[in-house]
Amino acid sequence: VSVEQVIEADWTWIGGAFTRNIRVAVDANGRIAQVGALAAPPTVRFPGKALLPGIINVHSHAFQRGLRGLGEAFPHGAGTFWTWREAMYRLVDAMDAEALYRLSHQAFREMLACGITTVGEFHYLHHAAGSWGFEFDEVVLRAARDAGIRIVLLNCYYKTGGIGKPLTGGQLRFDGVSVLAFWRQMEHIATRLDPATQSLGVAPHSIRAVGIDDIVALRRESRKRGMVFHIHVEEQQREVAECRAAYGQSPMVLLTDRLEIDETVTAIHCTHTDSSDMSAFVGAGGQVCLCPLTEGNLGDGIPDLTGIRAAGGRICVGTDSNARLCMTEDLRWMEYGQRLKTQTRGRCVDAAGSAANALWEIATINGARSLGLTAGRIEAGCWADFVVLDLAAPSLAGWMPETLLDAFIFGTGESVIAATCVGGNFVPSQ
Ligand SMILES: [Zn+2]
């Protein structure tokens with residue numbers, strides 16, 4: 001495949017450090033062909049900028065962008081996740097294809113503006129009102145393509161309104177119909193994907209929304225088809241209690257017992273997961289996606305991040321409800337939540353003690369692994385997905401090469417992002 005572009009910024013993030021005089025050759029398929037001190041002259045030059053791998057947002061519900069600013073007043077006293085969910089269902093009730101497109105496109109554009117180049121869209125709002133036709137699946141894919149973001153559509157199977165209970169109200173829009181109908185729809189969508197930027201994964205919503213036998217069947221099929229498998233796990237204590245009452249086990253133990261767990265399985269949240277249950281899951285290769293800003297906004301609780309990492313677990317990050325889209329903010333709150341809980345600093349660090357490097361690995365390399373993508377590094381063979389940092393941005397003033405990543409993650413937001421690039425196509429920041 002021929003080289004289409006040669007990109008050169010002042011500094012490039014490779015091998016865990018910013019390095020000078022690096023050129024990145026990108027081929028016609030949108031993948032990185034070569035990285036290093038290449039002889040080929042640059043076709044795209046970024047003076048005063050730094051080039052990093054694009055951020056990978058493992059968990060999003062794009063349409064929930066429509067709730068921003070709503071549900072933040074509490075005239076009847078303290079709210080909970082469950083009162084927030086009522087507001088989300090009201091949004092669902094009012095949703096048509098046009099509104100879903102507009103909100104998804106808005107969310108995806110905001111993601112690009114804060115450096116996110118891939119979204120794992122955990123998509124459960126399948127149907128128009130009164131329909132069982134899954135017509136909204138392609139609306140989300142179209143919004144992603146028009147926005148210019150890479151998407152892994154984690155198509156969601158949703159069948160019960162609580163363990164063993166029928167769907168009611170707004171939940172009817174989420175109906176997976178049957179495992180068979182779901183896979184028929186997956187095969188239909190597969191023919192509509194842009195192979196350069198779109199792929200599929202499987203996502204039974206949660207133990208609340210899918211019976212365990214269906215979850216087992218979906219997992220078996222996901223392995224057969226080589227698809228990643230994502231599921232919400234233990235975000236709320238009520239879910240743990242209801243699962244114990246119905247199955248005699250916590251969700252995490254039930255899933256670890258009944259499913260084949262490996263690195264293609266990602267559990268979302270795990271806010272209330274017991275540490276020994278967690279050890280069994282991550283010991284088998286399972287990964288955990290945390291969503292700090294959403295978990296904070298919903299009052300879920302603080303996960304045992306240090307325990308997950310100590311057990312060898314790989315963590316990735318998601319923007320979930322998209323109440324705020326700023327990935328550096330999500331990343332620093334991953335560390336700050338632990339600091340507040342333990343009254344110590346440096347809870348999420350790499351072997352050399354760097355919090356920024358550990359958080360950046362979470363946002364890039366680990367995210368790519370969770371979504372089954374060759375991405376997250378500036379390395380030959382990876383997708384040519386990049387973030388371009390503006391080194392002259394006021395909030396970065398005082399940066400040095402060895403502190404730049406720390407300054408970016410702990411001190412800045414979307415204003416330092418000069419551009420993003422997905423599959424070799426640059427998207428200027430808004
Ligand atoms: Zn979620």
Side-chain angles (χ1 to χ4, degrees), residues 56-68 71 80-89 91-92 95 100 103-104 107-108 110-111 116 118-126 136-137 140 144 151-162 170-171 173-174 176 201-210 215 218 228-240 243 251-252 255 265-273 286-303 315-325 327 330 333-334 362 367 370-371:
I56 296 180
N57 175 11
V58 170
H59 187 75
S60 155
H61 310 286
F63 80 89
Q64 292 178 14
R65 173 65 182 76
L67 285 176
R68 187 174 298 175
T80 64
F81 170 88
W82 307 102
T83 57
W84 170 86
R85 198 175 69 154
E86 292 309 313
M88 189 264 283
Y89 285 175
L91 176 71
V92 166
M95 194 74 64
L100 178 66
L103 288 170
S104 301
F108 297 150
E110 277 180 32
M111 288 178 198
I116 293 166
T118 295
V119 59
E121 178 64 19
F122 197 112
H123 169 64
Y124 58 83
L125 181 45
H126 294 301
F136 284 1
D137 298 3
V140 171
I151 187 171
V152 178
L153 188 74
L154 300 161
N155 222 26
C156 177
Y157 188 76
Y158 200 115
K159 198 61 216 170
T160 61
Q171 292 170 338
R173 302 282 208 99
F174 315 154
V202 183
H205 181 275
S206 60
I207 205 85
R208 288 183 273 125
V210 190
I215 296 176
L218 290 162
V228 298
F229 181 94
H230 286 217
I231 182 167
H232 292 111
V233 180
E234 302 187 3
E235 180 178 9
Q236 290 291 319
Q237 283 170 338
R238 190 170 112 185
E239 174 189 307
V240 181
C243 187
M252 185 54 102
L255 294 172
V265 176
T266 299
I268 317 299
H269 300 304
C270 300
T271 317
H272 300 286
T273 301
Q287 306 186 58
V288 178
C289 178
L290 305 181
C291 309
L293 290 182
T294 298
E295 289 152 9
N297 184 276
L298 297 180
D300 291 340
I302 300 176
I315 290 172
C316 44
V317 63
T319 62
D320 199 359
S321 73
N322 300 313
R324 162 81 168 126
L325 271 166
M327 194 50 103
D330 255 308
W333 273 99
M334 201 175 276
I362 284 169
S370 168
L371 292 177

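Whatever order the structure lists ligands and atoms in, that order sets their numbers, starting from 1.
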- Check: F63 ring centroid to Y124 ring centroid under 6.0 Å: yes
- Query: To the nearest 10 degrees, how large is the angle at the Zn ion (ligand 1) between H232 NE2 and H61 NE2?
  - Reply: 110°
- Look at the rings of H232 and H269 and say which category their plane angle falls in: under 30° parallel, 30 to 60° tilted, over 60° perpendicular. parallel
- In D320, which N, O or S atom comes closest to the Zn ion (ligand 1)? OD1
- Query: Are side-chain N/O atoms of N322 and H61 paired as donor and acceptor at under 3.5 Å?
  - Reply: no
- Message: Does F81 form a side chain to side chain contact (heavy atoms under 4.5 Å, CB included) with R238? I'd like the steps, not just the answer.
- Response: CA-CA 10 Å; F81 170 88; R238 190 170 112 185; over 6 Å; no
- Message: Regarding H269, does it place an N, O or S atom less than 2.8 Å from the Zn ion (ligand 1)?
- Response: no
